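Worksheet for the structure shown next.
Since we're looking at a predicted model, the values are computed, not measured.
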Amino acid sequence: MPPFSQTLSSLTDVARPRCLALLAVLAMAAFPSSANARIRGYDGVWNVIFATTRGNCSSGYSVPFTVTGSRVSSAGGGRVSGRVNRSGTVAVQVSVGASHASGGGRLAGVNGAGSWRGIISGDQCSGTWHATRT
């Protein structure tokens with residue numbers, strides 16, 4: 001039977017690579033990939049205010065939406081669907097009753113901006129939007 005110190009040394013030699021591999025897996029789980037972290041950076045509820053620049057539509061419509069990962073959905077106040085990519089570029093479709101619009105733009109930090117076009121209360125309109133994360 002080998003001496004205790006030799007047995008302990010050989011166990012440590014076997015356990016060390018496994019321990020390092022386990023630590024690497026735990027570190028990867030604790031720190032998401034940079035792509036996921038960047039997308040997750042837009043998560044939250046955003047309040048979007050629409051301004052009309054063309055057409056006979058009222059300005060100041062406000063629609064909240066939620067970003068979860070790359071998905072944009074409604075946070076109340078109508079149907080909202082869309083996607084946001086890693087760089088913050090967003091494409092969204094919104095409908096409230098018979099009114100509907102689509103828009104695109106960019107989210108950055110706690111703000112966002114872009115343009116939209118659609119049919120609001122029967123009138124064809126277009127304009128800009130500004131968003132703030134709450």
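- Under the 3.5 Å distance criterion, the side-chain polar atoms of Y42 are matched with a main-chain donor or acceptor of R86.
- Residues V72 and V90 are in side-chain contact: their nearest non-hydrogen atoms beyond the backbone lie under 4.5 Å apart.
- A donor atom on one side chain and an acceptor atom on the other are not found under 3.5 Å apart for S74 and R79.
- For the atom pair OG of S126 and CD1 of I120, the computed distance is 10.5 Å after rounding to the nearest 0.5 Å.
- Separating the OG1 atom in T89 from the CZ atom in R106 is a distance of 5.0 Å, to the nearest 0.5 Å.
- Sorted by first and then second residue, the side-chain hydrogen bond (donor to acceptor under 3.5 Å, both in side chains) pairs involving residues 46-56 (not counting sequence neighbours) are N47-S62.
- Hydrophobic clustering of Ile, Leu, Val, Met, Phe, Trp and Tyr side chains at less than 4.5 Å, counting indirect connections, unites W116 with V96.
- In this structure A51 satisfies the side chain to side chain contact (heavy atoms under 4.5 Å, CB included) test together with S59, T128, sequence neighbours excluded.
- Taking all atoms of both residues into account, the shortest heavy-atom contact from T66 to A75 is OG1-CB, 3.2 Å.
- For the residue pair H130 and A113, the shortest heavy atom distance occurs at ND1-CB, 3.9 Å.
- Within the 4.5 Å cutoff, no side-chain heavy atoms of V94 are placed close to those of H100.
- When atom types are taken as modelled, the side chain of S70 and the backbone of N85 share no donor-acceptor pair closer than 3.5 angstrom.
- Take S121 and apply the side chain to side chain contact (heavy atoms under 4.5 Å, CB included) test, not counting sequence neighbours, and it matches Y61, S99.
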Original post:
Does the pair R83 and R71 meet the rule for a side-chain contact (heavy atoms from CB on, under 4.5 Å), with working shown?
Top reply: CA-CA 5 Å; R83 308 291 282 173; R71 193 174 133 241; 4.0 Å; yes
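- Using a 4.5 Å cut-off on side-chain heavy atoms (C-beta onward), V45 and F65 make no contact.
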